[in-house]
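For reference, the structure is listed below as structure tokens.
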Amino acid sequence: MIYRLNNLTRTNVMNDQYAPNEIEKAVQAEWLSEKKFRVREDQNKKKYYCLSMFPYPSGKLHMGHVRNYTIGDVLSRYHKMRGYNVLQPMGWDAFGLPAENAAIANRVSPAKWTYENIKYMKKQLKSLGFALDWSREIATCSPVYYKWNQWLFLKMLEKGLVYKKTGTVNWDPIDQTVLANEQVIDGKGWRTGATVEKREIPMYYMKITSYAERLLTDLNRLEDWPEKVKTMQANWLGKSQGVNIAFKYDLKGVSKSLKVFTTRADTIMGVTFCAVAPEHALALYAAKCKPEISKFIDECREGSYTEAEMATAEKRGIFTGFYVEHPLTGRQIPVWIGNYVLLSYGEGAVMGVPAHDERDFYFAKRYSLEIISVIDFDGKEFSAKNWQTWYTKKGRCVNSGKYNGLVFDDAVGEIAKDLKKKDLGDVEIQWRIRDWGISRQRYWGTPIPIIYCDQCGDVPVPYSQLPVVLPEDCFPDGSGNPLKNRDDFLNINCPKCGGPAVRETDTMDTFVDSSWYPLRYACSDNADAMVDERVSYWLPVDQYIGGIEHAILHLLYSRFWTKVMKDLGLVSLGEPFSKLLTQGMVLNQVFSRKEADGRMLYVNPADVELKKGGRDGKLTAISKLDGLPVFSEGIRTMSKSKNNGVDPQELIDKYGADTARLFTMFASPPEDTLSWNADGVEGSFRFLKKLWKFASENKHLVQSTHKHTRFEGLEPNLLRIRHSIHQLLRQANVDYERKHFNTVVSAAMKMLNVLDSEIKTDKSTNNVDLVKKEGLGILIRVLYPVAPHITTVLWRILGYGEDLTIADWPEVDQTALEESDVLLILQINGKKRGELRVPVDSPDKIIETMALGSPEIKKHLEGKNIKKIIIVPRRIVNIVV
RNA sequence: GCCCAGGUGGCGAAAUCGGUAGACGCACCAGGUUCAGGACCUGGCGGUGGAGACACUGUGGAGGUUCGAAUCCUCUCCUGGGCACCA
């Protein structure tokens, strides 16, 4: 039977116990049938676009989702009550690797797996009662969505913002396939165990580097972004001013130069070697005649290419046999190949100054290269034996000829000037960020709209032929992209010459999908354009909410795409997100075991039992599934790959959505990391039960008290109660604004405590009812954004009003906050020694006298001289002795 | 390795500003209530000493600034996030 909210008669439901599942079904049914959260543009209202990062449809919701979407829902409902026109949409980041992994594991097509997951997770989201406008739902794997990925790709290609070059990937030599970083474990392929190699393949790139300056300066416009995120992005962009320097050399009689970039040109006289990346042309040339160099380069190819890997790997090198000429001294400088030099940073070469760079120092020590100190640190002794952290500090030049005595800025200036005169260098701005490689050698993604023709080369798919539709019935098996075997997809006539041609089989990075979905929600029903005028009403997003793990990549790519769309005249928007809330990760234990075939097995913590074993009583973890031991890997963010997610369904089934939401909000402030532990749920459930009981015991109130709202002549205890309620309301307001929902919940709990226990002791008078009615009305509204179902029912049944979703937010009554006296803390030397209640605004002189006269203070003052007395108004009297 | 955060009772946490550390909950303990309960009520609850009033001590660790520090500064340890193909 479907429970209808309007069928709940005013008396009988309140006689029952709190039954969350029935209440929630009824309330949700009404929200659905009345389309409560569907919104349209309304120029008369302030808009509030509240967006939570859309989920990857991995199968089930996990607690991270519940947390994320509850935060968004709380903010949406709060702002709606504050009078905003609120848009809160939802959709699916539906392309990606896990669908292919599922296909490998279960022989189900990624499409089927994805759509089934979406269906289930949508049901879960609905059961949590989020105020979502489902009419705008999008899934990035749908052709009506990804068509516009392809469309914009082609536009960017026209503008020169997309280009092709080679890039490095992880190559599994056995499966003959490209691996994601996640699929490389300790340098080995996840399925084959083969040592992974770096391989250069052609890829498409988006020119994010030409937007670097704007991405950096516009960070200043993002006033309501966390500082930490802006810092991380600025560091990622990595603007640095330095000097590019050319080291000349002769190759078979041809004069060439090795170009390096340095931020420490002041140390140029300390250069004792140069190092190039293993893929550098000079290295490859050297390898031609020396097999040991060739072998070294091959060894460098082993392992994945991630920055973390490169930075932690042992620094190794080999001499190329070449020398280059120092641009200022003319000295011959040996050129080495270094496994720590990145081809993609600058031109793949660095100058080595072992005395003032830690990495160069250890490299020089290892290969017995010369170490020359050229910086003086206020006379501190330099030693070529052991590294000191101060060697990298800036100081005055020494051992540097004409530059001796110059400080950093002057030295760099002079050196750059001299290099420029010789045409061997100049000051230069360098960025850390690299162009965005978007090609993926995978099936489940947006097809890149390019056709290869023997006659015409790379030909863009004509706009009229978009979208290039991805066949949905492929089954990846882990050994490469199945599109390569789909002749119906592959073979096509060249749009230019009409001759036989083949399609590109690479698909796009899924970060492309998520770079513009916030815009699409404004106009998801428009089949004829990527965006339309509704975007200018809803965007920018007023509040974006998502995990801190997206602080850099997703948010940066999204900012980049928005700027590109602006430059293409599609939107007038400069930045997509006005305010950002970065949710802390939800963590849980990770348990794993290495299987006999070398693969990692992850066991969900719910399936792990901790047993005290052996004589030492040590805890061992046993998998309940097979009775065998598993090992703790510590606590990590909940993820599918580590199998440590917690399915919220059990919680919802047992306690209801309101409790799940309330508990999640109460557990900690949104920005904090949260280690999952469901122990406190009972308390949240108990609170809602207590609220229900209190309301049902007092259901007579609302009808019985007459409408007047005058609170004059209240008894002192009732004045105190009103004081507490309004103080708590004020606190809750502050906490809603600063998004500390845990203390909003505790304010609501305190309100109920105040109303329940303090009034209980009084005889019921008209005044008591008046104060209770007001207090409960405030409590219901304060709690509504967090626990919308129970409050919706109480609001209507108690007769406060029909529709809580649009009720007015309660106002703080300033007169209720007035106080006649205040409690001061008495301290001696900052240590609490007593308390003193004084009338508000007592003069300092009187407070002083009273404080000195208090018995506790007298006792502690014996035999001591008072030096001074500090009075902090309304707080503290500190006597310094 | 580099960049960014965070460390407060047995546990989650609170403390808009540098001004009573531990609000609000969980767990636990004591008592009550109930035929029963995955129910409810009352009280206690950082540590040490003390019968008690109370005293000392206490916000990862070590220093510092201040009348006063969880909060500011320096160093250090630990934990988490990111490091460009997980999303």
Side-chain angles (χ1 to χ4, degrees), chain A residues 17 53 55-56 58 93 96-98 101 167 169-170 178-184 226-229 231-232 234-236 238 304-313 340 344 358-359 432-442 509-511 514 547-554 556-557 582 584-585 587 634-637 639-641 654 663 666-669 671-675 677 679-687 689-690 693 731 734-735 738 740 742-743 745-750 753 823-832 835 867-870 872 875-876 878-881:
Chain A
Q17 283 203 332
M53 289 180 186
Y56 179 80
S58 55
D93 190 11
L97 198 56
N101 293 341
V169 294
N170 302 311
V178 176
L179 297 180
N181 288 332
E182 190 190 51
Q183 297 172 316
V184 180
E227 265 329 298
K228 61 176 172 185
V229 175
T231 308
M232 280 190 263
N235 290 342
W236 184 263
S304 86
Y305 67 89
T306 63
E307 192 188 66
E309 176 103 352
M310 302 292 278
T312 48
Y340 62 94
S344 46
E358 192 170 5
R359 201 172 47 184
R432 201 188 80 97
I433 190 170
R434 312 192 292 258
D435 275 336
W436 175 16
I438 59 144
S439 296
R440 297 289 178 271
Q441 297 68 42
R442 290 185 217 301
D509 180 5
T510 54
F511 276 126
S514 54
I548 182 66
E549 74 274 23
H550 294 293
I552 298 174
L553 293 180
H554 161 61
L556 198 62
Y557 291 144
T582 47
M585 304 270 66
L587 314 179
I635 52 170
R636 290 284 122 76
T637 168
S639 73
K640 186 130 179 119
S641 59
K654 192 164 168 188
F663 173 64
F666 186 47
S668 76
E671 306 236 12
D672 285 14
T673 303
L674 178 62
S675 291
N677 181 353
D679 284 349
V681 182
E682 287 289 343
S684 297
F685 186 53
R686 211 172 284 158
F687 166 64
K689 276 194 291 189
K690 201 169 144 188
K693 195 171 148 224
Q731 183 61 51
V734 171
D735 288 338
R738 56 176 196 160
H740 284 206
N742 55 331
T743 46
V745 173
S746 89
M749 288 173 167
K750 285 178 188 173
N753 289 345
L823 187 72
L824 296 179
I825 300 307
L826 306 180
Q827 298 182 331
I828 295 174
N829 286 347
K831 200 164 268 191
K832 184 185 171 186
E835 296 176 347
K867 275 196 198 151
K868 70 175 154 174
I869 297 178
I870 294 156
V872 184
R875 279 180 193 270
I876 290 232
N878 189 15
I879 301 161
V880 186
V881 298

task = State the OG-CG distance between A:Ser746 and A:Asn753, to the nearest 0.5 angstrom.
result = 10.0 Å
inquiry  = For the CH2 atom of A:Trp236 and the CG atom of A:Leu553, what is their distance to the nearest 0.5 Å?
reply    = 5.0 Å
Non-neighbouring partners of A:Asn829 that pass side-chain contact (heavy atoms from CB on, under 4.5 Å), sequence neighbours left out = A:Val880, A:Val881
Minimum-distance nucleotide (side-chain atoms of A:Gln731 versus B:rU16, B:rA84, B:rG12) = B:rU16
Euclidean distance, atom [atom1] of residue [X] to atom [atom2] of [N] [Å, nearest integer]:
X	N	atom1	atom2	result
A:Leu587	B:rG6	CG	P	15 Å
A:Asn170	B:rC83	CG	P	13 Å
A:Glu182	B:rC83	CD	P	11 Å

With heavy atoms under 4.0 Å as the rule, sort [X] into base, sugar-phosphate or nothing.
X	answer
A:His554	nothing
A:Pro669	sugar-phosphate
A:Phe687	nothing
A:Ile635	sugar-phosphate

inquiry  = Treating primed atoms plus P, OP1 and OP2 as sugar-phosphate and everything else as base, which nucleotides of nucleotides 17-29 of chain B get B, S or - for protein heavy atoms under 4.0 Å?
reply    = B-BB--BBSSS--
Please produce a list of atom pairs where a protein N or O lies less than 3.5 Å from an N or O of nucleotides 1-5 of chain B.
{"residue": "B:rC3", "atom": "O3'", "partner": "A:Asn235", "partner atom": "ND2", "Å": "2.8"}
{"residue": "B:rC3", "atom": "O2'", "partner": "A:Asn235", "partner atom": "ND2", "Å": "2.8"}

Watson-Crick or G-U pairs under 3.5 Å in RNA chain B, rendered as dot-bracket with [ ] for crossing pairs and | for another strand = (((((((..(((......[....))).(((((.......))))).((((....))))..(((((..]....))))))))))))....
side-chain hydrogen bond (donor to acceptor under 3.5 Å, both in side chains) against A:Asp509, all qualifying residues, sequence neighbours excluded = A:Trp436, A:Arg440
B:rG49 and B:rG10, which share atom name P, separated by this distance in whole Å = 15 Å
query = What pairs with A:Asp93 under salt bridge (Lys or Arg N to Asp or Glu O under 4.0 Å), at least two apart in sequence or on another chain?
reply = none
query = Within less than 4.0 Å of OP1 or OP2 of B:rA55, is there a side-chain N or O belonging to A:Lys831?
reply = no
query = Is A:Thr510 near enough to B:rA87 that one of its side-chain N or O atoms lies under 4.0 angstrom from OP1 or OP2?
reply = yes
